[in-house]
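These numbers come from the heavy atoms of this one structure, side chains and all, not from hydrogens, waters or symmetry mates. In this chain, numbering begins with 1 at the start of the sequence shown.
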Amino acid sequence: MKFFDFHHHKESVTYGIYNLDPGTPPKNNLYSAGIHPKDIDAGSMENQFRWLESSISENCFAIGECGLDSMVPVPQKIQEKVFLRQIYLSNEIRKPLIIHCVRKFYEVISFKKKAEQAMIIHGFNKKRPIAEDLLARNFYLSFGKAVLYQLSLQDILKAVPLDKLFLETDNDDFAIEDLYQKVSEIKGVSPETLNEQILENLYTIKNG
């Protein structure tokens, strides 16, 4: 059985959502396209948005990664401007947003009221209060490799509703099947049931 990889950077993986590299052409499989905070170039921002808009095709499932990151040198105001513009693009083309966030969760939450489409925090690996605040505001959470070994994250995952959950490999080198197996043990469901629920969640964010 194939297990869906919600967010990855590997061209060899065909069952999931590939994160399109900046400036590259669209793929034949599902992909996401966005302007990551670390890639923002204030001097050629319009070119970056032209690339993004030209990357929108039937196979483009989501806008992203996009978001806010306190660890990159791009000024916060510019990050917010680029993030908001991608939210508006998401609204216009009716595609969900895959969010990259580092130490800016409450700022990202403040942008939620601008979004008409689903917002998914990718690679969630923070503390319970942040998870609870995000879930209370109807965010989805996507979990990666850290779930395999981080007990505190496993404990948080127990409280995450199945209908708000995605699983991903991101840039890490491991089998997505291992993650499904671990999460199915934590949630008390079979890997097959978990995969079916994640596919249902995909349908919801695409058509919701």
Run the side chain to side chain contact (heavy atoms under 4.5 Å, CB included) check on Leu162 and Leu194 step by step: do they pass?
CA-CA 8 Å; Leu162 284 172; Leu194 180 59; 3.8 Å; yes
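- Clustering ILVMFWY residues whenever any of their side-chain heavy atoms sit less than 4.5 angstrom apart, transitively, puts Leu153 in the very cluster that holds Tyr149.
- Taking every heavy atom of both residues into account, Ser32 and Gly64 meet most closely at OG-O, 3.3 Å.
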Do Val72 and Ile40 pass the side chain to side chain contact (heavy atoms under 4.5 Å, CB included) test, and can you show the C-alpha distance, the side-chain angles, and the key distance before you say yes or no?
CA-CA 10 Å; Val72 301; Ile40 295 170; over 6 Å; no
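- At a cut-off of 3.5 Å, with distance as the only test, no side-chain donor of Gln181 or Glu177 sits close to an acceptor on the other residue.
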Kindly determine whether Asn171 and Lys10 satisfy side chain to side chain donor-acceptor pair (under 3.5 Å), including the steps that lead there.
CA-CA 8 Å; Asn171 255 326; Lys10 307 167 191 72; 5.7 Å; no
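- A donor-acceptor contact closer than 3.5 angstrom links the side chains of Glu168 and Ser142.
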Give the table of side-chain donor-acceptor pairs shorter than 3.5 Å for residues 54-63, with sequence neighbours excluded, one pair per line with atom names and distance.
from  : atom 1 : to    : atom 2 : distance (Å)
Ser54 : OG     : Arg50 : O      : 3.3
Ser54 : OG     : Trp51 : O      : 2.7
Ser55 : OG     : Trp51 : O      : 2.8
Ser55 : OG     : Trp51 : NE1    : 3.3
Ser57 : OG     : Tyr31 : OH     : 2.7
Ser57 : OG     : Asn59 : N      : 3.2
Asn59 : ND2    : Lys27 : O      : 3.4
Asn59 : ND2    : Asn28 : O      : 2.9

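- Residues Met45 and Ile78 are in side-chain contact: their nearest non-hydrogen atoms beyond the backbone lie under 4.5 Å apart.
- The nearest pair of heavy atoms linking Gly16 to Leu30 is O-CB, 3.4 Å.
- Inspection of the Thr169 and Asp172 side chains reveals no N or O donor paired with an N or O acceptor under 3.5 Å.
- A heavy-atom distance below 4.5 Å is found between the side chains of Glu192 and Met1.
- In this structure a side-chain-to-backbone donor-acceptor pair under 3.5 Å is missing from Asn195 to Pro191.
- Rounding to the nearest 0.5 Å places CD1 of Ile17 at 5.5 Å from CG of Leu202.
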Pairs under 3.5 angstrom only: tabulate donor-acceptor contacts from the side chains of residues 103-116 to other protein residues two or more places apart or in another chain.
from   : atom 1 : to     : atom 2 : distance (Å)
Tyr106 : OH     : Asp133 : OD2    : 2.7
Ser110 : OG     : Glu107 : O      : 2.5
Lys113 : NZ     : Ser110 : O      : 2.7

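- Between Leu141 and the choices Ile156, Leu165, Leu134, the side-chain contact (heavy atoms from CB on, under 4.5 Å) rule is met once, by Leu134.
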Asp41/Asn47 under side chain to side chain contact (heavy atoms under 4.5 Å, CB included): CA gap, chis, key distance, verdict
CA-CA 9 Å; Asp41 183 347; Asn47 286 334; over 6 Å; no
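- Ring orientation note: the planes of His122 and His7 are tilted relative to one another, at an angle of 30° to 60°.
- A side-chain donor from one of Asn125 and Gln150 sits under 3.5 Å from a side-chain acceptor of the other.
- In this structure, the side chain of Lys206 does not engage the main chain of Arg94 through any donor-acceptor pair within 3.5 Å.
- Contact between Asp163 and Asn201 at its shortest, heavy atoms only, is CA-OD1, 3.4 Å.
- Here the shortest heavy-atom pairing between Phe174 and Lys145 reads CE2-CB, 3.5 Å.
- Pro37 and Gly67 get closest at one heavy-atom pair: CG-O, 3.3 Å.
- Cluster annotation: Phe143 and Val102 are assigned to distinct hydrophobic clusters (Ile/Leu/Val/Met/Phe/Trp/Tyr, side-chain heavy-atom contacts under 4.5 Å, transitive).
- Going from atom CZ of Phe139 over to atom SG of Cys101 covers 8.5 Å, rounded to the nearest 0.5 Å.
- Applying the ring pair (Phe, Tyr, Trp, His ring centres under 6.0 Å) criterion to Phe166, with sequence neighbours excluded, gives Phe6, Tyr140.
- Using a 4.5 Å heavy-atom cutoff, the side chains of Lys38 and His100 are not in contact.
- The two atoms that bring Leu179 and Gly144 nearest to each other are CD1-O, 3.4 Å, heavy atoms only.
- To the nearest 0.5 angstrom, Asp170 atom CG is 10.5 Å from Ile176 atom CD1.
- Considering only heavy atoms from C-beta on, Ile198 comes within 4.5 Å of Tyr180 through its side chain.
- With Lys187 contributing its side chain and Lys158 its backbone, the two residues share a donor-acceptor pair below 3.5 Å.
- Residues Leu97 and Ile120 have side chains not in contact (no heavy-atom distance under 4.5 Å, counting atoms from C-beta outward).
- Atoms CD1 and CD1, from Ile130 and Ile121 in turn, are 10.0 Å apart once rounded to the nearest 0.5 Å.
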Test Leu157 against Val183 for side chain to side chain contact (heavy atoms under 4.5 Å, CB included), laying out the working first.
CA-CA 8 Å; Leu157 191 54; Val183 174; 3.6 Å; yes
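- For Gln48 (side chain) and Asp39 (main-chain N/O), a donor-acceptor pair under 3.5 Å exists by modelled atom type.
- Between Arg128 and Asp155, at least one side-chain N (NZ, or NE/NH1/NH2) sits under 4.0 Å from a carboxylate O, which counts as a salt bridge.
- Applying the ring pair (Phe, Tyr, Trp, His ring centres under 6.0 Å) rule to Tyr15 yields the partners Phe4; only residues at least two apart in sequence or on another chain are considered.
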Name each donor-acceptor pair under 3.5 Å that joins a side chain in residues 80-88 to protein atoms two or more places apart or in another chain, with its distance.
from  : atom 1 : to    : atom 2 : distance (Å)
Glu80 : OE2    : Gln76 : NE2    : 3.1
Arg85 : NH1    : Glu46 : OE2    : 2.9
Arg85 : NH2    : Glu46 : OE1    : 3.0
Gln86 : OE1    : Ile35 : N      : 2.8
Gln86 : NE2    : Ile35 : O      : 3.2
Gln86 : NE2    : Val82 : O      : 3.4

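- Rounded to the nearest 0.5 angstrom, Ser70 OG and Gln79 CD are separated by 8.5 Å.
- The aromatic ring centroids of Tyr18 and His8 lie less than 6.0 Å from each other.
- Residue-environment remark: CG (Asp173) stays at or below the threshold of 12 foreign heavy atoms within 6.0 Å.
- With rounding to the nearest 0.5 Å, the separation of CG in Asn19 from CD1 in Ile98 is 7.0 Å.
- Under the rule for a salt bridge (charged side-chain N to carboxylate O under 4.0 Å, His left out), Glu196 has no partner lying at least two apart in sequence or in another chain.
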